There are 2 protein chains.
Amino acid sequence: MPQRVETVFPDPQHDHAPCVAETLERAEKIFKNNGLSLTPLRRQVLQEVAGSHTAVGAYDILERLAQKGGRRLAPISVYRALDSLVAAGMVHRLESRNAFFACHVSHAGDRRQIVLACETCSAVAEVPGGSVFDGIGAAAAASTFKPTRTLVEVIGVCGRCQAGVPV
Amino acid sequence: MPQRVETVFPDPQHDHAPCVAETLERAEKIFKNNGLSLTPLRRQVLQEVAGSHTAVGAYDILERLAQKGGRRLAPISVYRALDSLVAAGMVHRLESRNAFFACHVSHAGDRRQIVLACETCSAVAEVPGGSVFDGIGAAAAASTFKPTRTLVEVIGVCGRCQAGVPV
DNA sequence: GAGGGATTGTTATACCATAACAGTCAGCCA
DNA sequence: TGGCTGACTGTTATGGTATAACAATCCCTC
Ligand SMILES: [Zn+2]
Ligand SMILES: [Zn+2]
Ligand SMILES: [Zn+2]
Ligand SMILES: [Zn+2]
């Protein structure tokens, strides 16, 4: 009998279609609210990023779109789409890996999220980090340093991979 | 009359030679203790990195060494030297910028340091972050996530730059 | 119907990092 | 001695990440 694992990392077996659909809807609204639009290109890129709970590289996206769409985009087109998605908060950048992952949790502009990235299965999750970020803010203030962006990334092994789930 | 600024960012006017000398000495010992050696190449690379309190790119180092030394190194030589210096804890990597900065503070293997990086003057400083890292560890544990490496980088504006020090 | 912002295309280039293999040197020990 | 090993660097080639600069289109508004 499979053991229940308490984790923010979703079961790989879960039905992911609703995750994607919800994310696309949310993106649609956010872009509209900002006087922008979730264009076909941006939608396609977001679909690729949101297609899994892992971080993907810009050139991976490029490659996958080329497989599906026929024509081959220029790298900068993908980067521009990613920029807009990052600005909209729909996609985050995993700095330690130069990669991107979709935000599935709707933390609504609050960027005080701790990022957990599994080095075994590449899954990425976010957990709220209010008090942690408060501590960081205090440490920065004590050094008269004014933060504009704070980055907390934890590289490690997720519960499922620790449990030795076969690849 | 200049105002005193409480900060871990040293005054750009300070005599930096002792900083470098101390760092080189420390490196010498660490390498020796590990059965390795601070070779001329590694020493040169460390000197370039430690030559300022800012983060520098690997190719910047390459370029500066080429200016000084005559011969031009292959990129991988610089990367190998940097790898050894990072492993020794003498140099840290600024993940958010794909750059490297020297460790001037001797935190002796304790990697629970908060990195503050000024986006105006490029200066980098480290401050101890024990409680912050404890909080991050707790959050990870609550998600059955086992950290192997934790990254806390704050991008912002240092006290001096806030005070409008002319460039 | 002129202006301006958003969006994408096109081309070229810059920047960051590693693979694979060879050669040198010093220390160790049968 | 002579062979082994590990540390270190060189050489060549390649792979991966990101942006500059300029043009064209579309839509909305004044
Ligand atoms: Zn998010
Ligand atoms: Zn995993
Ligand atoms: Zn340090
Ligand atoms: Zn500054």
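All values reported here derive from a predicted model rather than from experimental measurement.
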For the side chain of [X], starting at C-beta, report the closest nucleotide among [options].
X      : options               : result
A/Y79  : D/dC8, C/dC16, D/dA18 : D/dA18
B/R71  : D/dG10, C/dG9, C/dA20 : D/dG10
A/R93  : C/dA17, D/dA18, C/dT8 : D/dA18
B/L73  : D/dT9, C/dT7, D/dG10  : D/dG10
B/R80  : D/dT9, D/dA18, D/dT19 : D/dT9
B/S37  : D/dC8, D/dT17, D/dA20 : D/dC8
B/F100 : C/dA17, C/dA19, D/dT9 : C/dA17
A/T39  : C/dT18, D/dT19, C/dT8 : C/dT8
B/L41  : C/dT7, D/dT12, D/dT9  : D/dT9
A/N98  : C/dT7, D/dA18, C/dA20 : D/dA18

Across the strands shown, which category fits B/A74 at heavy-atom distances under 4.0 angstrom: base, sugar-phosphate, nothing?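 Base contact - B/A74 has a heavy atom under 4.0 Å of at least one base atom.
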
Would you please say whether a donor-acceptor pair under 3.5 Å links the side chains of [X] and [Y]?
X      : Y      : result
B/E126 : B/H92  : yes
B/H104 : B/T23  : yes
B/E119 : A/T148 : yes

If the cut-off is 4.0 Å, is A/S77 near the phosphate of C/dT8, judged by side-chain N/O to OP1 or OP2?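 No.
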
Separation of atom [atom1] in [X] from atom [atom2] in [N], rounded to whole Å:
X     : N      : atom1 : atom2 : answer
B/I61 : C/dA17 : CD1   : C1'   : 13 Å
B/L36 : C/dG27 : CG    : C1'   : 14 Å
B/E95 : D/dT17 : CD    : P     : 14 Å
B/L82 : C/dC16 : CG    : P     : 12 Å
B/D83 : D/dT9  : CG    : P     : 12 Å
A/R72 : C/dT10 : CZ    : P     : 14 Å
A/L94 : D/dG16 : CG    : C1'   : 16 Å
B/E63 : C/dC16 : CD    : C1'   : 15 Å

Just say parallel, tilted or perpendicular for the rings of A/Y79 and A/Y59, cut-offs at 30° and 60°.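 The arrangement is perpendicular - the two ring planes meet at more than 60°.
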
What orientation do A/F145 and B/F9 show, parallel under 30°, tilted 30 to 60°, or perpendicular over 60°?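 Rings of A/F145 and B/F9: parallel, as their planes differ by under 30°.
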
Quick one: CZ on B/R160 to OG1 on B/T120, what's the gap to the nearest 0.5 Å?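 Atom-to-atom, B/R160:CZ and B/T120:OG1 are 12.5 Å apart.
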
Closer than 4.0 angstrom, basic N to acidic O: yes or no for A/E48 and A/R43?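 A/R43 and A/E48: not salt-bridged.
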
Is it the case that over 12 heavy atoms from other parts of the model lie below 6.0 angstrom from the CZ atom of B/R111?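 Atom CZ in B/R111 is not crowded, with 12 or fewer foreign heavy atoms closer than 6.0 Å.
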
Measure all distances between protein nitrogen or oxygen atoms and nitrogen or oxygen atoms of nucleotides 13-15 of chain C, and list the pairs falling under 3.5 Å.
none

Return the 5'-most residue of the pair B/L38, B/I76 with respect to DNA chain D, ranking by each residue's nearest nucleotide.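 So the residue in question is B/L38.
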
